[in-house]
Structure formats: C-alpha cells, structure tokens
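Below is one structure, written out as structure tokens; the observations come after it.
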Number of protein chains: 2
Amino acid sequence: MHTSLLDRLRLHGYRLTAQRRAVAEALDGINVHLTADEVHARAADILPEISRATVYSTLHELTEMGEILELGIEGRSKRYDPTTSPHNHLVCDSCGVIHDVQHGVAAPELPLNEAHGMAVRRAEVVYHATCGTCLAS
Amino acid sequence: MHTSLLDRLRLHGYRLTAQRRAVAEALDGINVHLTADEVHARAADILPEISRATVYSTLHELTEMGEILELGIEGRSKRYDPTTSPHNHLVCDSCGVIHDVQHGVAAPELPLNEAHGMAVRRAEVVYHATCGTCLAS
DNA sequence: TCTGAGTTCTGGACTAAGTCCAAGTTCGGA
DNA sequence: TCCGAACTTGGACTTAGTCCAGAACTCAGA
C-alpha cells in the first residue's frame, strides 16, 4: 500500500521525503486506529530523528488528500484510520479504543431540510460501548 | 428544567450547592452544544467566582447521572448536550459546530458478532459536513 | 437553631495534545 | 549541478482538562 500512497502524494504535488515515507510505512498494514503519538512512535522506529511537528503535518496532508480518516470520536486525542472506504465505528467510551464495524449497514441519509445549509460529506454510525477490560475494572 | 434537575441531583445523593445550580442554569433552555469553557463562562455570569475545576466535575456528575450527553465528536474540546433522548448529530469538521438532527431515523443495530465483546449502550449517526461559514472562508 | 462530619469548592500547579515559527536542510525541475 | 521552493526541526507556546490540599459549605440529627 505505501508505494502507491507515496505515488499519490506525488500526484498531489507533494515531495517524497524520508519523513513522509516513514509516516506512510507506520500506517501501512495495521488495522487498529493509532493516535498521532503512536504514529510518531512507529515512524521513529524507522526514522529516529523525525519530529512530532512533521508527523502532525504529514497526517494532516494525508487527511486532506483523503488517504486516511481523522477520528475525533472520544478521548483527548485524535486517532487516524487508514481505511477510507465507508464503514462504522464501535468505541469504548471509557478507554477510547476504536474498532471498525464491517457489517454492511449504511448510515441513513440526511434529509435536505435538516442540513442547516451545510454540505454533508459523509455519514457514519458510532456505537458507544464499554469494552471488556473497562467493564472488569 | 433546572428545578427538577437539581431534584434529581439530590435523589442521586448529591448536595445542592450554588455552583451546581449555576451549572444547571447555564445548561437550561439552550439548544446548542456548549464546550466546558462555554458552560464555565455562562455559569460565571450567574456565580462569578465559580472555578473551572468545579464546572468540570459537575459536568462529569451530570454525565454520569445521564442528565446530559458528553460529545467528543470533533475538534479539541468536548461538548455537552442537554438533550438525552436518542437523536443524531450534524458536525462541521472544520469549526466543530454541532447541530442536533431531529429526523426520526434510528441508527441501525449492531449484530452481536460484531460487538467484540463490548457492551453497546447507544448508537448515533454522525453526519460530517462543512458549515456555510467555513465554506465561505 | 446549632453542630459536626463529610462533601464540595477553590485556585494554582501540572499534564497531554496539538500548533506555530524561524532557521536550516533537502528535493527535484531545468 | 544549481537554485528556489518546499519541507523539517525543535523548542516555545496554547488549549483542554486533571489533580490536590486546604478552606468553605451543606444538611441530618440533636
């Protein structure tokens, strides 16, 4: 995946740098939703001197390109989702863990008269739950 | 509303203090979703010396009681929703403004085999959009 | 009405997440 | 290879939220 992601960065007029490569690799092949700090830690395994500011800006670029999804569902920190095809999320309100929900149910559409003049881009269903670990403690 | 809300605080074993009254009044009769800081500002109009820490702890108590909803949908700060009956949200991803969506569409239910062992409490549909103000700028 | 135990509040210090910026470095088209 | 534009760095800063010890307050019971 990351090769084509880097290609796409290029198509969008971004330069290919070691830092962007490291962030792309950090996001490659994972199916959990990392926080910016976790992405930074993984990228730092590949490129130890990468700075937090660079990771943040690269994540913003990828979000803007639509290559990843920025989730601000619960907790203090945003999480980044490499799966951009429409899907829903199951969130533990107490620890912030997020699971993808793959069942094919699409979020119901929003009637135009409810849109408050806003341009709706996507809809998702968020299931608020408590995970086993948090239930036990 | 706030009278009964205070009654319910009492029923839950909480004491009635001027500070809790002020927070309850700050949330009373509004239909926008305030951030903790905005709640603090409104409460401070009623009780100028109320501290941030108190507002935060009162908001947590009310959330725990189920009297208000804590929303962490987008942006850096949580917002508090005095409407606890099931409804959906329309969010501007760029400025964080949240509108309630009143149309009667319920979020689809989550199949048990998708629940990852988590106890699902509620589901909501979140519509991600850009508001008129942000579109213009 | 008074009292005292226990609850609540305060304000300031602290933490975590994220942003900003100036200066130095690197990329890649010509 | 050269050079300008784009990118990165790291440290300071901002914002949102938490923590804590001591002071103030609430309210049940006398």
Side-chain angles (χ1 to χ4, degrees), chain A residues 6-26 33-44 46-65 68 70-80 93-96 98, chain B residues 6-26 33-44 46-65 68 70-80 93-96 98:
Chain A
L6 290 178
D7 283 351
R8 274 169 292 177
L9 267 170
R10 209 153 179 186
L11 280 173
H12 279 80
Y14 293 109
R15 288 186 177 171
L16 296 190
T17 65
Q19 289 80 0
R20 287 194 178 128
R21 216 177 297 266
V23 172
E25 265 179 61
H33 300 63
L34 304 177
T35 63
D37 235 43
E38 288 161 350
V39 175
H40 179 223
R42 286 174 66 106
I46 301 163
L47 193 70
E49 66 279 18
I50 194 170
S51 79
R52 265 166 22 97
T54 302
V55 171
Y56 276 110
S57 83
T58 305
L59 288 171
H60 288 170
E61 288 156 13
L62 292 172
T63 306
E64 217 150 276
M65 282 171 53
I68 61 174
E70 193 184 82
L71 306 176
I73 292 171
E74 203 67 35
R76 292 234 299 233
S77 49
K78 288 174 184 161
R79 285 166 188 270
Y80 293 88
D93 285 340
S94 119
C95 68
I98 301 179
Chain B
L6 289 177
D7 283 351
R8 275 170 291 176
L9 267 170
R10 209 154 181 187
L11 279 174
H12 279 80
Y14 293 108
R15 287 186 177 172
L16 296 190
T17 65
Q19 289 79 1
R20 289 195 176 126
R21 216 177 297 267
V23 171
E25 266 179 60
H33 301 64
L34 303 178
T35 63
D37 235 44
E38 288 161 350
V39 175
H40 179 223
R42 287 174 66 106
I46 300 162
L47 194 70
E49 66 279 16
I50 194 170
S51 79
R52 263 163 26 97
T54 303
V55 171
Y56 276 108
S57 83
T58 305
L59 288 171
H60 289 170
E61 288 156 12
L62 292 172
T63 305
E64 216 149 276
M65 283 171 54
I68 60 174
E70 194 184 80
L71 306 176
I73 293 173
E74 202 68 33
R76 292 233 302 235
S77 47
K78 288 173 184 160
R79 285 166 189 270
Y80 294 88
D93 284 341
S94 118
C95 67
I98 301 179

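Chain letters run A, B, ... following the sequence lines, proteins first and then strands; every chain starts at 1.
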### Query
The side chain of B:Thr17 lies closest to which of these nucleotides: D:dT9, C:dT8, C:dT19?
C:dT8
### Task
For the residue pair B:Tyr14 and B:His12, categorise the inter-ring angle as parallel (less than 30°), tilted (30 to 60°) or perpendicular (more than 60°).
parallel
### Message
Need one value for B:His60: base, sugar-phosphate or nothing, where a base atom within 4.0 Å counts as base even if backbone is also close, heavy atoms only.
### Response
sugar-phosphate
### Task
Spell out yes or no: do the side chain of B:Arg52 and the base of C:dG11 have one donor N/O and one acceptor N/O closer than 3.5 Å?
no
### Task
Rounded to the nearest angstrom, tell me the gap between atom CD in B:Gln19 and atom P in D:dA24.
13 Å
#### Entry: Below 4.0 Å: OP1/OP2 of D:dG17 and any side-chain N or O of B:Tyr56
yes
### Task
Choose from C:dT8, C:dT10, D:dT8 the nucleotide whose nearest atom is closest to any side-chain atom of B:Ile50.
C:dT10
### Query
From the list C:dG18, C:dT10, D:dC7, which nucleotide is the closest neighbour of the side chain of A:Ala36?
C:dG18
### Whole angstrom value for the distance that separates C1' of D:dC7 from CG of A:Leu16
12 Å
## Note on the structure
Between CG of A:Leu59 and P of C:dG18 the distance, given in whole Å, is 10 Å
### Query
Separation of A:Glu49 atom CD from D:dC7 atom C1', in whole Å?
14 Å
### Message
Side chain of B:Arg15, heavy atoms from C-beta onward: which of C:dA5, C:dG11, D:dT8 has the nearest atom to it?
### Response
C:dA5
